S.K.: 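This is the structure I want to talk about, given as structure tokens.
Since we're looking at a predicted model, the values are computed, not measured. Just so you know, residue 1 is the first one in the sequence shown, and it goes up from there.
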Amino acid sequence: YRREARQYLWSLAEKFSQEIPCTFGTIRIKNQKTCWGSCSAKGNLNFNWRIMMAPPEIGEYLVVHELCHRLEMNHSAAFWKLVEKQIPDYREKRAWLKNYGYLLEW
């Protein structure tokens with residue numbers, strides 16, 4: 001899963017970074033217990049490998065979420081507008097993670 005996650009999430013980040021537009025540094029795949037993704041001030045993206053067990057649109061939402069932090073390092077209204085521009089139904093994706101994300105833990 002970790003190897004596949006790196007390739008898959010990298011390809012999504014390349015695609016969406018052109019559409020947003022923004023840049024990013026490295027992508028790391030981690031084994032976090034309480035976090036699906038994060039973005040550092042240097043532009044490095046971290047993702048939980050378990051996202052590979054979720055529907056593909058959830059992975060897309062997470063990548064877009066973290067890439068939008070490259071432009072807005074907060075969860076302000078401006079940040080959510082950036083996310084919504086790429087993922088109009090992002091609220092449904094967030095709700096999916098909240099309601100079913102625990103099923104991805106082993």
Side-chain angles (χ1 to χ4, degrees):
Y1 278 124
R2 290 174 74 108
R3 189 174 359 161
E4 289 179 26
R6 179 180 306 281
Q7 293 171 349
Y8 174 66
L9 296 170
W10 184 273
S11 67
L12 288 177
E14 284 185 325
K15 173 190 172 200
F16 284 111
S17 68
Q18 292 175 16
E19 294 176 15
I20 289 176
C22 66
T23 61
F24 64 95
T26 62
I27 290 182
R28 290 192 174 94
I29 305 303
K30 297 192 170 193
N31 188 27
Q32 301 129 309
K33 296 289 184 191
T34 60
C35 183
W36 290 108
S38 63
C39 176
S40 74
K42 292 182 179 181
N44 297 321
L45 307 178
N46 299 306
F47 295 102
N48 190 318
W49 67 267
R50 289 175 180 84
I51 199 58
M52 293 302 291
M53 296 184 284
E57 62 271 15
I58 302 302
E60 291 177 358
Y61 159 71
L62 283 172
V63 169
V64 167
H65 181 111
E66 298 311 330
L67 287 172
C68 287
H69 279 309
R70 295 292 295 131
L71 303 176
E72 293 283 337
M73 284 296 280
N74 54 53
H75 288 111
S76 65
F79 167 82
W80 289 112
K81 283 191 181 288
L82 289 171
V83 173
E84 188 173 33
K85 187 174 180 183
Q86 296 300 316
I87 311 285
D89 62 345
Y90 78 89
R91 289 176 186 88
E92 293 174 20
K93 310 302 189 253
R94 286 183 74 201
W96 191 96
L97 282 170
K98 183 177 181 181
N99 294 327
Y100 304 107
Y102 75 95
L103 295 172
L104 305 181
E105 297 176 12
W106 300 1

S.K.: Given the rule in the side chain to side chain contact (heavy atoms under 4.5 Å, CB included) test, do W10 and F24 qualify, once you have shown the distances and angles that lead to the verdict?
M.R.: CA-CA 10 Å; W10 184 273; F24 64 95; 3.6 Å; yes

S.K.: Does some side-chain heavy atom of N31 sit less than 4.5 Å from a side-chain heavy atom of R50?
M.R.: yes

S.K.: Going by ring-ring contact (aromatic ring centres under 6.0 Å, His included), name the residues that satisfy it together with Y8, two or more places apart in sequence or in a different chain.
M.R.: none

S.K.: Taking the side chain as every heavy atom from C-beta outward, state whether Q86 and Y61 have any atom pair closer than 4.5 Å.
M.R.: no

S.K.: Working to the nearest 0.5 Å, report the span between OG1 of T34 and CG of N48.
M.R.: 9.0 Å

S.K.: Between I29 and Y1, is any pair of side-chain heavy atoms under 4.5 Å apart?
M.R.: no

S.K.: Output the distance between atom CG (N44) and atom CD1 (I27), rounded to the nearest 0.5 Å.
M.R.: 9.5 Å

S.K.: Looking at T23, is its backbone amide N or carbonyl O close enough to the side chain of R70 to form a donor-acceptor pair, meaning the two atoms are under 3.5 Å apart?
M.R.: yes

S.K.: Please answer: with hydrophobic residues joined when any side-chain heavy atoms are less than 4.5 Å apart, are Y100 and W49 in the same cluster?
M.R.: yes

S.K.: Distance from L67 atom CG to S17 atom OG, nearest 0.5 Å?
M.R.: 6.0 Å

S.K.: What residues, two or more places apart in sequence or in another chain, satisfy side chain to side chain donor-acceptor pair (under 3.5 Å) together with S76?
M.R.: N74

S.K.: In Å and rounded to the nearest 0.5 Å, what is the CE to CD1 distance from M52 to I58?
M.R.: 13.5 Å

S.K.: Is it possible for you to say whether L71 and I87 belong to one hydrophobic cluster, with membership spreading through side-chain heavy-atom contacts below 4.5 Å?
M.R.: yes

S.K.: Is any side-chain heavy atom of L62 closer than 4.5 Å to one of V64?
M.R.: no

S.K.: Between C68 and I20, is there a side-chain heavy-atom distance shorter than 4.5 Å?
M.R.: yes

S.K.: Check ring-ring contact (aromatic ring centres under 6.0 Å, His included) between F79 and all other residues, then give those that pass, not counting sequence neighbours.
M.R.: H65, H69, H75

S.K.: For S11, which residues count as a side chain to side chain donor-acceptor pair (under 3.5 Å) partner, sequence neighbours excluded?
M.R.: none

S.K.: Drop me the distance from L104's CG to W36's CH2, to the nearest 0.5 angstrom.
M.R.: 4.5 Å

S.K.: Return the set of residues passing ring-ring contact (aromatic ring centres under 6.0 Å, His included) with F16 (not counting sequence neighbours), or none when no residue passes.
M.R.: none

S.K.: Please name all residues satisfying salt bridge (charged side-chain N to carboxylate O under 4.0 Å, His left out) with E84, sequence neighbours left out, ordered by chain then number.
M.R.: R91

S.K.: Rounded to the nearest 0.5 Å, how far apart are CG of N99 and CD of E92?
M.R.: 11.5 Å

S.K.: For R2, I'd like to know if atom CZ has over 12 heavy atoms of other residues, nucleotides or ligands within 6.0 Å.
M.R.: yes

S.K.: Does any non-hydrogen side-chain atom of L9 lie less than 4.5 Å from one of I51?
M.R.: yes

